[in-house]
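Worksheet for the structure shown next.
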Protein chains: 2
Amino acid sequence: MSRRGMAARNQRSEALSKDRIVEAAIALLDAGGAQALTFRALAARLETGSGAIYWHVADKNELLAAATDHVVARVIADIADEADPRAAIRAVALAMFDAIDAHPWAGPQLFREPWRSSMPLIFERVGAPLMALGLTGRRLLDSASALVHYILGVAGQNAANPRLAPQDVDREAFLAHVAAQWMQLDPEAYPFVHQTALQMRDHDDRAQFLFGIDLILAGITR
Amino acid sequence: MSRRGMAARNQRSEALSKDRIVEAAIALLDAGGAQALTFRALAARLETGSGAIYWHVADKNELLAAATDHVVARVIADIADEADPRAAIRAVALAMFDAIDAHPWAGPQLFREPWRSSMPLIFERVGAPLMALGLTGRRLLDSASALVHYILGVAGQNAANPRLAPQDVDREAFLAHVAAQWMQLDPEAYPFVHQTALQMRDHDDRAQFLFGIDLILAGITR
DNA sequence: AGGTGGATTGGAACGGCGTTCCATTCATGT
DNA sequence: ACATGAATGGAACGCCGTTCCAATCCACCT
């Protein structure tokens, strides 16, 4: 922590640091999912011992939170500025959707300890355009909250879906399987599910997600 | 599985069964959260060995899914019928909200393997009233999907919050702590968060949740 | 009534995990 | 040069999910 410590860290060859650890953790998570992040695998990749990692990181929770923050912060920062508030909200929503699609392990983490992680960043990017739309007070907070909950809800849900093959082959087979299951349900007890099963098979996650955003925006601004 | 097997199960004193196991699992989960459910604790409570449990349950995933299904199915079945479609949707939403508030461990599980669990049940209870509102086709499916995602998003988020003390004392201290953190952020970089931090401290989760439902309903029916 | 064999049990054992512990090494101020 | 605290890395601990298997049970057959 002192000047001394920081100087030492820079001169030891390939010294450990929280940044290097988080970077390696993200690489492991992206490559093999949540279960691929273990302190042993991490130590092997960093060519050190598991004990050394604990000098820089309190525990696995903190490591996962830091990895998620890292990913979310970068994605949020990369969002292009939009003049129209509605477009700005759509941009944030899509950015989060794509981020969790690319890093599915981050979805559950955003639920586990929401207050700790980059939640304020997300709330800000959703809430600021709502202020520009003229919302204030309780309605402002509640509307932002609805949008953020919806965004994270869809993102978390999608993260649970099996990983997509490059050719989308697995995805189609998977959706067909679920649709078949839904259609086997009793049409009298499950009229809605039975009827919409086919459309479910062909639906586009991204488009459906955006439809929901527009639904909420319509409710907010009507 | 044969007639023989079922008869045997009934006559062995306190014979194991998937139902008894799931019941005990729910008790453990409610008492100590997700981390309290271990096969050793389960075996101790059922006065048997961990190996015996595997005869009735494939693995921990299936056990968690069964426990979640059990809770969700009961809650869904208990919902009073509502004539007004909007009221029916609000009733389902509140039922799910309260269910996950009472059994926070079920929140993450509904995200992990959505297609396997009681998802069709939830979709049906949300989608049927939408059909009564005259929605059809893609708009019907996408609207139901938005509602379900929102409901589960909020529920999952709330499940992550620390358990409430009987007197709501811990909750207030917790919200005050988060609000204080939010207010410490730079007002120029975080105008929205900084401004709404105080209302966040006093907000009512349930009311905020219902506000979001009404927002989506307004978007759907306008 | 007694034996038989599949259904069921329960406890030991295995490998892997997060975490702790601690002897050792390193970079620096004196 | 040496002393000192920061940092390292590998062994060890306790717990987990899961597997394995000898022992037990019980519906059925003879």
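Just so we're on the same page: letters track the sequence lines, and every chain starts at 1.
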Discussion item. Does dT9(C) have OP1 or OP2 under 4.0 Å away from a side-chain N or O of Trp55(B)?
Written reply: no

Worksheet item: More 5' along DNA chain C: Tyr54(A) or Gly51(B), using each one's nearest nucleotide?
Response: Gly51(B)

Worksheet item: Does the side chain of Val57(B) come within less than 4.5 Å of Val22(B)'s, by heavy atoms?
Response: no

Worksheet, complete the sentence: Quick note, Ser50(A) side chain, CB onward, closest among dA7(D), dA11(D), dT19(D) is dA11(D)

Worksheet item: In whole angstroms, how far is the C1' atom of dT8(C) from the CG atom of Leu46(B)?
Response: 14 Å

Discussion item. Between Ile216(A) and Tyr150(A), is there a side-chain heavy-atom distance shorter than 4.5 Å?
Written reply: yes

Item to complete: State, yes or no, whether a side-chain contact exists between Trp105(B) and Ile26(B) at a heavy-atom distance under 4.5 Å.
Response: yes

Practice prompt. Kindly indicate whether the side chain of Leu175(B), heavy atoms from C-beta on, has any atom under 4.5 Å from the side chain of Glu172(B).
Written response: no

Discussion item. When you measure from the side-chain N and O atoms of His56(A) to the phosphate of dA6(D), is any distance below 4.0 Å, counting only OP1 and OP2?
Written reply: no

Item to complete: Return the value, rounded to whole Å, for the distance between atom CD1 of Ile53(B) and atom P of dA7(C).
Response: 20 Å

Discussion item. If you count heavy atoms of other groups shown closer than 6.0 angstrom to CD of Glu62(B), is the number above 12?
Written reply: yes

Worksheet item: Tell me, do Pro187(B) and Gln195(B) make a side-chain contact under 4.5 Å, heavy atoms counted?
Response: no

Discussion item. What is the distance, to the nearest angstrom, from the CG atom on Asp59(A) to the P atom on dT19(C)?
Written reply: 5 Å

Worksheet item: To the nearest angstrom, how far is Arg20(B) atom CZ from dT8(C) atom P?
Response: 14 Å

Worksheet entry | Distance, rounded to the nearest Å, where Glu62(B) contributes CD and dG17(D) contributes P | 15 Å

Worksheet item: Just how far, in rounded Å, is C1' of dT18(D) from CG of Leu63(B)?
Response: 14 Å

Worksheet, complete the sentence: With sequence neighbours left out, the residues meeting ring-ring contact (aromatic ring centres under 6.0 Å, His included) with Phe123(B) are Trp182(A)

Fill in: Pair of N/O donor and acceptor under 3.5 Å linking dG16(C) base with Arg40(A) side chain
no

Worksheet item: Going by number, which of residues 25-39 of chain A have a non-hydrogen atom under 4.0 Å from DNA chain D?
Response: none

Practice prompt. Would you kindly give the NZ-to-C1' distance between Lys60(A) and dC16(D), to the nearest whole Å?
Written response: 13 Å

